[in-house]
Amino acid sequence: MSDNQRKILVTSALPYANGAIHLGHLLEYIQTDIWVRFQKQRGHNCTYVCADDAHGTPIMLKADQMGITPQALIDQTSEEHQRDFSKFLIGFDNFYSTHSDENRDFSAMIYTALRDKGHIDKKTITQAYDPEKEMFLPDRFVKGDCPKCDAKDQYGDNCEKCGATYSPVELKNAYSAVSGAKPVEKESEHYFFKLGDFENFLRDWVDNHVQEQMKNKLNEWFDAGLQNWDISRDAPYWGFEIPDAPGKYFYVWLDAPIGYMASFKNWCDKHQVDFDEYWNKDSQTELYHFIGKDIAYFHSLFWPAMLEGAGLRKPSGVFCHGFVTVEGQKMSKSRGTFIMAETYLNHLRPEYLRYYFAAKLGSGIDDIDLNLEDFRLRVNADLVNKVINIASRCAGFINKKFDGVLSSEIAEPELFQSAISKSELIAELYETREYSKAMREIMHIADQANQYIDTAEPWVLAKQEGSEKAVQDCCSMGINLFKIICAYLAPVLPDVAKDAQAFLNLDDFAWQEISKPLLSHKINKFKPLMQRVEEDKVNAIVEETKQNLAALEEATAKASVSELQQEPIAETIEFADFAKVDLRVAEIVNAEHVKKANKLLRLTLSLGDETRNVFAGIKSAYKPEDLIGKHTIMVANLATRTMKFGDSEGMVLAAGPGGEDLWILEPHQGAKAGMRVK
RNA sequence: GGCAAUGUAGCUCAGUUGGUUAGAGCAUCGCAUUCAUAAUGCGAGGGUCGCAGGUUCGAAUCCCGCCAUUGCCA
């Protein structure tokens with residue numbers, strides 16, 4: 001190993017231990033794993049640790065619902081997570097849990113240090129409390145009617161319908177999402193981390209440790225003023241009890257990032273590595289966290305502040321990435337695009353996805369779109385048609401005519417040189433997480449290789465008497481280019497790289513060896529290294545995702561509070577009262593976005609002889625173009641209501657809790673605009 | 001509601017500090033070719049760079065407003 005070998009510790013965000021790994025998670029683990037494999041291929045000492053995030057109310061409640069202990073739930077989840085990760089070739093050096101002795105010790109140690117330096121405050125706050133379950137309720141576990149717009153079934157912090165923000169105690173008809181009981185207000189003393197103590201330090205630190213795009217966002221928080229952070233929760237809570245405060249527990253987000261340290265410590269003890277060398281205040285090693293843009297706040301403010309306060313080293317960098325969208329939209333359960341790792345693996349090998357993500361990942365925080373058609377075409381074209389094709393079209397000649405031995409010289413030194421001269425550029429692109437640019441460079445080499453073989457025409461030479469050496473030379477040239485390309489792609493395609501090594505009769509693809517040509521070298525029989533992605537396999541993933549969802553919904557519907565419990569049937573009315581409501585079939589002749597309105601769509605409804613302008617709060621669930629031409633049911637004799645955006649002349653009927661889960665009514669085929677519903 | 005990021009060919013994306021006729025891959029079409037997992041090579045068509053203003057000799061690039069998408073609001 002060279003003198004300039006770096007010591008690097010890398011983490012991915014800890015997956016929460018109450019659900020399965022999905023494509024959104026995988027973007028991050030794949031991005032990190034590629035980076036780690038690259039560092040190792042370069043000969044650096046790089047360690048990759050992760051853990052399950054195993055504490056908090058949602059885990060406690062889910063275990064309760066399943067009738068098992070939280071410990072049993074997180075054990076089971078950990079097994080599932082590790083199985084998925086390993087199948088996706090995520091090469092963690094250590095995968096641990098935040099519910100561990102190491103983590104308990106570090107959490108206590110850091111908390112104590114912060115407290116002793118005066119960075120912890122106590123304050124009594126009022127919170128919603130479930131008298132039946134005898135527990136405090138986090139905002140998202142209190143539901144009720146929006147205090148502003150009266151929308152039903154809104155969460156305790158903000159309204160999906162009108163966008164208002166408020167506190168849970170303001171909700172009308174509030175109920176606990178856990179028991180259905182009416183929450184009461186109750187006081188409790190909470191512990192706070194005084195983030196504001198670290199403002200100067202953080203402003204400095206943020207300046208050269210986060211991406212440009214993140215700085216703007218963080219500045220907003222600085223400008224708003226850093227608030228104290230509530231780090232305690234009352235019993236019953238699934239987590240670590242605060243050392244000097246019986247009945248109080250660390251909030252899950254306090255011990256989650258500390259889990260990075262705990263997992264690493266656990267690994268150090270198994271491998272006789274000096275933990276302190278990595279975490280001492282003046283450590284010379286490097287520490288990088290790969291995270292999603294949603295948790296930037298915790299990793300760029302709380303975490304470095306906690307480390308600073310506790311006298312530990314700070315991260316060398318926090319690398320944020322965007323979200324995965326599918327077909328240009330948020331992953332959606334109902335569209336079948338909320339794809340689980342396991343579902344994907346039932347149909348396709350992981351490297352297709354690894355390559356596709358690599359081909360689209362840059363160093364920024366842009367969202368990454370998985371377009372299923374593009375995915376299939378891109379992977380097939382780049383990997384199978386271009387890269388693997390090179391070996392496929394050369395290997396036959398070498399094996400049949402030359403007993404598998406490559407020629408003793410490089411036929412096209414310039415072309416060979418051009419391919420290896422990209423080594424440092426590609427390394428730099430991997431290092432800076434510009435994988436998409438790296439992939440482009442590599443594919444360009446593959447194009448050149450195919451062009452070369454086309455020009456050299458070994459199949460023509462093979463038929464000419466006395467051209468044997470020319471055939472061997474040109475096919476050996478092709479194999480050598482193939483070797484270089486595979487070495488460059490190794491971080492992304494670990495299994496293909498392994499198979500290519502077997503074919504090429506090599507032990508590894510160490511980066512320093514890339515420039516060495518294979519001369520008079522014996523290779524093995526070529527076997528197809530990768531099959532094309534078939535369209536029906538991709539469709540099967542979407543299909544299975546939809547089916548899983550249906551099964552899941554059935555299960556949760558049984559377990560949770562029923563629709564009727566949430567909203568009991570209203571009091572009985574006479575037919576005459578009902579008859580006053582004039583319901584009509586209406587055709588949606590136009591639908592469009594409403595400027596400045598986050599929730600509304602403007603619908604133009606035809607009743608045959610007249611048209612109505614109606615505003616409907618369904619933007620989160622429907623795209624305008626998907627509605628046009630359809631029929632629906634409207635209240636036609638509702639008094640016109642004047643809104644900020646214009647008059648709404650009626651109302652369309654819809655059911656569902658809100659957000660994406662909102663369904664408007666549609667009559668069976670044959671109903672005509674204007675018909676009365678009675 | 002506030003803030004941030006994003007919006008470029010059918011699709012997925014590049015476009016460095018503003019500077020000729022806006023690029024690539026895939027898809028489409030034509031030609032060549034058969035060594036290769038119906039792969040490959042050569043060539044062609046295709047864009048008022050989200051919309052509307054402004055600054056400038058000159059804007060995809062800078063400024064303002066608006067629209068849309070995604071995320072955050074501890």
Side-chain angles (χ1 to χ4, degrees), chain A residues 139 148 157-159 162-165 192-193 195 211-221 223-231 251 253 292-298 301-302 320 322-325 327-331 356 359-362 364-398 400-401 434 436-437 439-440 443-444 446-447 449-463 471 474-475 478 526-532 592-598 619 623-624:
Chain A
D139 291 358
K148 267 203 181 150
D157 44 4
N158 72 339
C159 174
C162 72
T165 55
F192 290 82
F193 174 52
L195 187 63
Q211 290 130 300
E212 278 304 315
Q213 293 154 308
M214 265 341 283
K215 276 189 207 170
N216 299 327
K217 189 67 197 168
L218 292 167
N219 276 332
E220 174 196 335
W221 286 320
D223 293 344
L226 299 178
Q227 309 276 306
N228 288 348
W229 180 36
D230 187 348
I231 56 162
Y251 174 44
W253 259 111
K293 61 183 178 182
D294 52 334
I295 54 176
Y297 192 88
F298 293 98
L301 296 180
F302 292 144
C320 250
F323 275 61
V324 174
T325 57
E327 308 289 339
Q329 292 186 281
K330 223 189 301 197
M331 294 205 301
Y356 189 70
K360 304 190 82 164
L361 270 167
I365 59 170
D366 308 353
D367 290 347
I368 301 294
D369 186 47
L370 168 60
N371 178 294
L372 295 170
E373 174 82 352
D374 182 53
F375 163 71
R376 180 173 63 83
L377 295 172
R378 183 85 187 263
V379 169
N380 291 344
D382 286 0
L383 297 183
V384 184
N385 299 353
K386 283 182 184 176
V387 175
I388 296 187
N389 185 233
I390 299 167
S392 182
R393 66 196 303 199
C394 294
F397 290 111
I398 297 291
K400 270 181 235 153
K401 301 200 174 226
E434 295 288 0
S436 64
K437 292 188 174 124
M439 295 307 111
R440 191 158 306 171
M443 288 311 137
H444 183 60
D447 285 337
N450 277 309
Q451 286 160 16
Y452 164 73
I453 297 163
D454 258 61
T455 317
E457 298 182 309
W459 58 93
V460 174
L461 297 171
K463 288 173 190 152
V471 173
C474 113
C475 291
F526 177 80
K527 286 177 236 155
L529 297 171
M530 180 176 264
Q531 303 299 327
R532 289 194 179 76
E592 57 190 38
H593 290 288
V594 182
K595 287 181 186 180
K596 294 236 183 191
N598 284 337
K619 180 171 169 172
K623 290 175 123 183

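The basis for the numbers below is simple: all heavy atoms, side chains too, and nothing from hydrogens, waters or symmetry mates. Proteins get letters first, then strands, A, B, ... in listed order; numbering begins at 1 in each.
Using P as the reference atom, B:rC51 and B:rC62 are 16 Å apart when rounded to the nearest Å. Taking the C1' atoms as reference points, B:rG71 lies 49 Å from B:rC31, given to the whole Å. On the P atoms, B:rA24 is 37 Å away from B:rC72, given to the nearest whole Å. B:rC35 and B:rU20 have their C1' atoms separated by 43 Å, given to the nearest Å. Nucleotides B:rC3 and B:rG65 have their P atoms positioned 10 Å apart, rounded to a whole Å. Nucleotides B:rA9 and B:rG45 have their C1' atoms positioned 11 Å apart, rounded to a whole Å. Between the P atoms of B:rU21 and B:rG58, the separation comes to 14 Å (whole Å). B:rG25 and B:rG15 are spaced 15 Å apart, taking the C1' atom of each and rounding to whole Å.
Using a 4.0 Å heavy-atom cutoff across all strands shown, A:Leu301 reaches no nucleic acid atom at all. Using a 4.0 Å heavy-atom cutoff across all strands shown, A:Asn389 reaches at least one base atom of the nucleic acid. In this structure, A:Leu529 reaches the bases: a heavy-atom distance under 4.0 Å links it to at least one base atom across the strands shown. As judged by a 4.0 angstrom heavy-atom cut-off over every strand, A:Gly225 is placed among the base-contacting residues. Heavy atoms of A:Pro528 sit under 4.0 angstrom from at least one base atom. Base contact: A:Met530 has a heavy atom under 4.0 Å from a base atom. Residue A:Asn380 is classed as having no contact, given no heavy-atom separation below 4.0 Å to the nucleic acid.
In this structure, the CG atom of A:Asp367 is 15 Å from the C1' atom of B:rC13, given to the nearest Å. Counting to the nearest Å, the P atom of B:rA4 and the CZ atom of A:Phe323 are 19 Å from each other. Between the CG atom of A:Asn450 and the P atom of B:rG41 there is a distance of 5 Å, given to the nearest Å. In this structure, the CZ atom of A:Phe526 is 17 Å from the P atom of B:rC35, given to the nearest Å. A:Phe375 has its CZ atom 15 Å from the P atom of B:rC13, to the nearest Å. The CG atom of A:Leu372 sits 11 Å away from the P atom of B:rU12 (whole-angstrom rounding). Atom CG in A:Asp374 sits roughly 12 Å away from atom P in B:rC26 (whole-Å rounding). Rounding to whole angstrom units, NE2 of residue A:His444 and P of B:rG23 are separated by 17 Å.
Position along RNA chain B of the nearest nucleotide to A:Trp459 versus A:Arg440 favours A:Arg440 as the more 5'-ward residue. For the pair A:Ile295 and A:Ile388, nearest-nucleotide mapping onto RNA chain B gives the more 5' position to A:Ile388.
Residues that satisfy the salt bridge (Lys or Arg N to Asp or Glu O under 4.0 Å) test with A:Asp294, not counting sequence neighbours, are absent from this structure. In this view, A:Asp367 and A:Lys293 satisfy the side chain to side chain donor-acceptor pair (under 3.5 Å) rule, not counting sequence neighbours. Residues passing the side chain to side chain contact (heavy atoms under 4.5 Å, CB included) test with A:His444, sequence neighbours excluded: A:Gln448. Annotation: side chain to side chain contact (heavy atoms under 4.5 Å, CB included) contacts of A:Gln531 (sequence neighbours excluded): A:Tyr352, A:Pro528. Every residue two or more places apart in sequence or in another chain that forms a side chain to side chain donor-acceptor pair (under 3.5 Å) with A:Glu373 is listed here: A:Arg376. Under the salt bridge (Lys or Arg N to Asp or Glu O under 4.0 Å) criterion, A:Lys437 pairs with A:Glu434, not counting sequence neighbours. Partners of A:Arg532 under the side chain to side chain donor-acceptor pair (under 3.5 Å) rule, at least two apart in sequence or in another chain, are A:Asn385. When the side chain to side chain donor-acceptor pair (under 3.5 Å) test is applied to A:Ser392, no partner is found at least two apart in sequence or on another chain.
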Taking only N/O atoms, report every protein-nucleotides 5-7 of chain B pair under 3.5 Å with atom names and distance.
residue, atom, partner, partner atom, Å
B:rA5, OP1, A:Asn216, ND2, 2.7

Could you go over nucleotides 64-67 of chain B and give all protein N or O partners under 3.5 Å, atom names and distances?
residue, atom, partner, partner atom, Å
B:rC67, OP1, A:Lys596, N, 2.9

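Of all nucleotides listed (B:rU12, B:rC35, B:rG71), B:rU12 comes nearest to the side chain of A:Arg378. Counting only heavy atoms from C-beta on, A:Gln531 has its side chain closest to B:rU37 among B:rU37, B:rC26, B:rC35. Side-chain proximity of A:Lys437 to the nucleotides B:rG71, B:rU12, B:rG15 is greatest for B:rG15. Here the side chain of A:Asp454 is nearest to one of B:rU37, B:rC35, B:rC72, namely B:rC35.
With hydrogens and angles disregarded, a donor-acceptor distance shorter than 3.5 Å links the side chain of A:Asn450 to the backbone of A:Lys386. A:Gln211 contributes no side-chain N or O that, together with a main-chain N or O of A:Ile365, makes up a donor-acceptor pair within less than 3.5 Å. A donor-acceptor pair under 3.5 Å is formed between the side chain of A:Lys360 and the backbone N or O of A:Asp369.
Note on A:Lys386: every side-chain N or O is 4.0 Å or more away from OP1 and OP2 of B:rG25. Contact between the side-chain N/O atoms of A:Gln227 and the OP1/OP2 oxygens of B:rC73 is not found at any separation under 4.0 Å.
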Step by step, would you call A:Leu361 with A:Ile368 a side chain to side chain contact (heavy atoms under 4.5 Å, CB included)? CA-CA 7 Å; A:Leu361 270 167; A:Ile368 301 294; 4.0 Å; yes
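Relative ring orientation between A:Tyr251 and A:Trp229 is described as perpendicular, the plane-to-plane angle rising above 60° on a 0-90° scale split at 30° and 60°.
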Which pairs of donor and acceptor atoms, one on a side chain in residues 451-462 of chain A, lie under 3.5 Å apart (sequence neighbours left out)?
residue, atom, partner, partner atom, Å
A:Asp454, OD1, A:Arg393, NH2, 2.9
A:Thr455, OG1, A:Gln451, O, 2.8

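Secondary-structure stems of RNA chain B, taken as three or more successive Watson-Crick or G-U wobble pairs (i with j, i+1 with j-1) under a 3.5 Å distance threshold, comprise B:1-7 with B:67-73, B:10-13 with B:23-26, B:28-32 with B:40-44.
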